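Computed from a prediction, not measured in an experiment: that's the story for all the values here.
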Amino acid sequence: MKSDSIPLRVLVVDDEPPIRRFLRTSLTAQGYDIVEAEDGTKALEEVRRRSPDLLVLDLGLPGIDGLEVIRRLRGSGVTLPIIVLSSRVDEAGKVEALDLGADDYVTKPFGVEELLARIRTAMRHKLQQQGERPLFRSGDLTVDLVRRIVTVRGEDVKLSPREYDLLRLLVAHAGKVLTHRFILKEVWGGETDIQYLRIYIRQLRQKIEPDPERPHHILTETGVGYRLRAPD
């Protein structure tokens, strides 16, 4: 909630009435103010007219599809968080949506608890981006972004400059899935390949994870990228 009296306004965009009904019922029960649209054209109109705080957007819309909605919103400078609804087999669509500027995704069929967690993370990430926190803590991991010190269970961890740049990027977007392409562009300027990124992720996990084979902090989003677990 924004305050005790003003609920967060969520725009739900899906061409399937049962899904819109399910989302309206579930999110309204959690105190959200719900606006609905059944296609991309109406979605763009509602964003302009109602100024929602967050957008839940199906990719497979008639006419202007979800990817084009994201492209137009981000191209016009609209920064509201966008959570994409995608099919289980549409990995390419998820990746493109994230690269266009979507904040996260849930895969159909999904549970309301999963969606609520994604909404909370997206809103927390937006607030964090408005003023980057100098100290990040998640479980036994602490990253001091001012002093560039990383500790695990109170012990200093020595990272190479590239490892630190990679971890800092993940910390800056904690809770949000980052695509391979985005990470490669931000950390390496796009001048390397995914296998190189995997090597550095493996090295980071060796240094900060209690069990690198079953990572707790740096989570793999199969076929998409990586996500740093957000603080509880």
Heavy-atom pair of closest approach, residues [X] and [Y]:
| X | Y | value |
| --- | --- | --- |
| D15 | P62 | CB-CD, 3.7 Å |
| H217 | S138 | CE1-O, 3.2 Å |
| E36 | K42 | O-NZ, 4.2 Å |
| A43 | L11 | O-CD2, 3.7 Å |
| D104 | R118 | OD2-CD, 3.0 Å |
| A122 | I83 | CB-CD1, 4.4 Å |

Distance check, rounded to the nearest 0.5 Å: [X] atom [atom1] versus [Y] atom [atom2]?
| X | Y | atom1 | atom2 | value |
| --- | --- | --- | --- | --- |
| Y32 | L27 | OH | CG | 7.5 Å |
| D165 | R148 | CG | CZ | 6.5 Å |
| D14 | L59 | CG | CG | 10.0 Å |
| L167 | L145 | CG | CG | 8.5 Å |
| T107 | E91 | OG1 | CD | 9.0 Å |
| H180 | I201 | NE2 | CD1 | 8.5 Å |

- request: Given side chain to side chain contact (heavy atoms under 4.5 Å, CB included), test V150 with L141 step by step and report yes or no.
  value: CA-CA 7 Å; V150 179; L141 173 67; 3.9 Å; yes
Is it the case that one hydrophobic cluster holds both [X] and [Y], taking links as side-chain heavy atoms less than 4.5 Å apart, direct or via other members?
| X | Y | result |
| --- | --- | --- |
| V224 | I82 | yes |
| L98 | V69 | yes |
| L219 | Y105 | no |
| V35 | I119 | no |
| F136 | L166 | yes |

Regarding [X] and [Y], does a basic nitrogen lie under 4.0 Å from an acidic carboxylate oxygen?
| X | Y | result |
| --- | --- | --- |
| D99 | K185 | no |
| R71 | E96 | yes |
| D140 | R153 | yes |

Is it the case that the side chain of [X] and the backbone of [Y] share a donor-acceptor pair, with hydrogens and angles ignored and the cut-off at 3.5 Å?
| X | Y | answer |
| --- | --- | --- |
| T179 | F182 | yes |
| E38 | P17 | no |
| R24 | I34 | no |
| E221 | R227 | no |
| D53 | R9 | yes |
| T28 | T25 | no |
| K207 | K158 | yes |
| E163 | Y200 | no |

[Y] side chain reached by [X] side chain, heavy atoms, under 4.5 Å:
| X | Y | answer |
| --- | --- | --- |
| L85 | K108 | yes |
| Q206 | P212 | yes |
| V84 | K94 | no |
| L73 | L44 | yes |
| T142 | I149 | no |
| P81 | M123 | yes |
| E186 | H173 | no |

task: Tell me, with the steps shown, if L23 and R20 meet side chain to side chain contact (heavy atoms under 4.5 Å, CB included).
output: CA-CA 5 Å; L23 291 173; R20 291 204 308 276; 5.9 Å; no
- prompt: Any side-chain donor paired with an acceptor under 3.5 Å for R205 and T220?
  reply: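 A donor-acceptor contact under 3.5 Å links the two side chains.
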task: Go through L184 and Y196 one step at a time and tell me if the side chain to side chain contact (heavy atoms under 4.5 Å, CB included) criterion holds.
output: CA-CA 9 Å; L184 291 172; Y196 204 57; 5.7 Å; no
query: What's the verdict on salt bridge (charged side-chain N to carboxylate O under 4.0 Å, His left out) for R74 and D103, showing C-alpha distance, side-chain angles and the deciding distance?
result: CA-CA 11 Å; R74 294 305 190 229; D103 292 79; 3.1 Å; yes
field: Stepwise side chain to side chain contact (heavy atoms under 4.5 Å, CB included) test for V112 and Q30
entry: CA-CA 10 Å; V112 67; Q30 296 296 318; 5.7 Å; no
